[in-house]
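Hydrogens, waters and symmetry mates are skipped; everything else that's a heavy atom, side chains included, is used. Just so it is clear, the structure is predicted and the values come from calculations on it, not from any experiment.
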There are 2 protein chains.
Amino acid sequence: MEPSQLRRAGLKITVPRLKILEILADNQTRHMSAEDVYRRLLDAHEDIGLATVYRVLTQFEAAGLVTRHHFAGGTAVFELDQGEHHDHIVCEDCGRVEEFTDASIEDRQREIATRLGFKITDHSLILRGRCVRDGCPHRPPPP
Amino acid sequence: MEPSQLRRAGLKITVPRLKILEILADNQTRHMSAEDVYRRLLDAHEDIGLATVYRVLTQFEAAGLVTRHHFAGGTAVFELDQGEHHDHIVCEDCGRVEEFTDASIEDRQREIATRLGFKITDHSLILRGRCVRDGCPHRPPPP
DNA sequence: CTAGTTGCAAATCATTTGCACTTGC
DNA sequence: GCAAGTGCAAATGATTTGCAACTAG
């Protein structure tokens, strides 16, 4: 939400960029697709096109302000990059996303990469499953 | 490459299915996109449409014969499922893919999922990096 | 002022689908 | 013979791009 972040990334401070940053920072939903962001803009009566949303999100990603994930097959979701890296577990039925980090997994990844002659620049670990929460549609009816 | 596998999956044994299975089994390239498979079919002068390739690959996936991965952003790649599960590390520059398994990572994943109230149905761990091999385009010129 | 930005519409890419025509069993 | 399978073309959904108008510095 800091204009300074934009400037540091070599991006002019414009209304679309500030608005989109604001929406991402308003952590109601931490993981949003371009469409999601666009809809919020429409709700807020901002006159910003979907193409701009995509462009801005891509620039934010390049600037390291935002991370792009591919949870579902088709659509990418974006998440404001607030310090620490983390992995994700996604519920196949209700779409709920939980985040976690595990040092031993991270260590192991680095070891494996080294052993195979790679230098890791990025990695994604996504677990998919069914969550055991009340809201979740798949839950079997109680007997 | 066994017709029996098809039958077991409840799929009729047809030319397109056999040909596609054959191409996947010919492990020149273990990870192929639908386009890749289609091109091989064209090379082999088989009269099989791209739509059929997609349909067949999707059926194979449903039948557990094949696994679908999302290494790059847009395109999915398919891999013949030969027994053991494994994860992947992909070179950003040359596209080389290496496979690995790590029991301790698998264990940890299960623990984490349980702790967060999920039952894992699937997971994908993809490391991205640069490989230190001769063929790789990014390699710095020797000084 | 002017390079960087944006909106819109049209273009692209990967994948899916409708439908009339084959083909396996 | 008939349901299942296929080819083709058109439809879809996500994302990108060309371009003329706009705006931040």
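- The closest donor-acceptor contact from the side chain of B/Thr58 to the backbone of B/Tyr54 lies under 3.5 Å.
- The side chain of B/Val15 sits closest to C/dG24 out of C/dG24, D/dA24, C/dG7.
- Summary of the strand contacts: B/Phe78 and B/Leu11 both lie near DNA chain C, and taking for each the nucleotide with the nearest heavy atom, the more 5' one is attributed to B/Phe78.
- Rounded to whole Å, atom P of C/dT22 lies 16 Å from atom NZ of B/Lys12.
- Taking side-chain N and O atoms only, B/Arg55 has no distance below 4.0 Å to OP1 or OP2 of C/dT17.
- Remark: C1' of D/dA14 and CE of A/Met32 are 17 Å apart, rounded to the nearest angstrom.
- At whole-Å resolution of the value, CG in A/Leu57 and P in D/dA14 are 15 Å apart.
- Between A/Glu99 and A/His31, the side chains place a donor N or O and an acceptor N or O closer than 3.5 Å (distance only, hydrogens not considered).
- Using a 4.0 Å cut-off, no side-chain N or O of B/Arg17 falls inside it from OP1 or OP2 of C/dG24.
- Checked for salt-bridge contact, A/Asp36 and A/Arg39 meet the test: a charged N lies under 4.0 Å from a carboxylate O.
- For the segment residues 36-52 of chain A, the set of residues with a heavy atom within less than 4.0 Å of an atom of DNA chain D comprises A/Leu50, A/Ala51, in numerical order.
- If you take CZ of B/Phe71 and P of C/dA14, they are 17 Å apart, rounded to a whole angstrom.
- Remark: A/Thr75 is not in phosphate contact with D/dG13, judged by side-chain N or O atoms under 4.0 Å from OP1 or OP2.
- Using a 3.5 Å distance cut-off with no hydrogens or angles, the side chains of B/Gln109 and B/His123 do pair a donor with an acceptor.
- Side-chain atoms of A/Arg128 come within 3.5 Å of backbone atoms of A/Phe71 as a donor-acceptor pair (strictly under, hydrogens ignored).
- As rounded to whole Å, 15 Å separates atom C1' of D/dG5 from atom CZ of B/Arg7.
- A/Glu92 and B/Thr121 share a donor-acceptor pair across their side chains, judged by distance under 3.5 Å alone.
- Between A/Tyr54 and D/dT15 there is a side-chain N or O to OP1 or OP2 distance below 4.0 Å.
- One interatomic measurement links the two molecules: CG of B/Leu6 to C1' of D/dT6, which rounds to 15 Å at whole-angstrom precision.
- Rounded to an integer number of Å, the gap from CD of A/Gln59 to P of C/dG4 is 12 Å.
- A donor-acceptor pair under 3.5 Å is absent between the side-chain atoms of B/Thr29 and the main chain of B/Met32, judged by distance alone.
- The distance between atom NZ of B/Lys19 and atom P of C/dT23, rounded to the nearest whole Å, is 16 Å.
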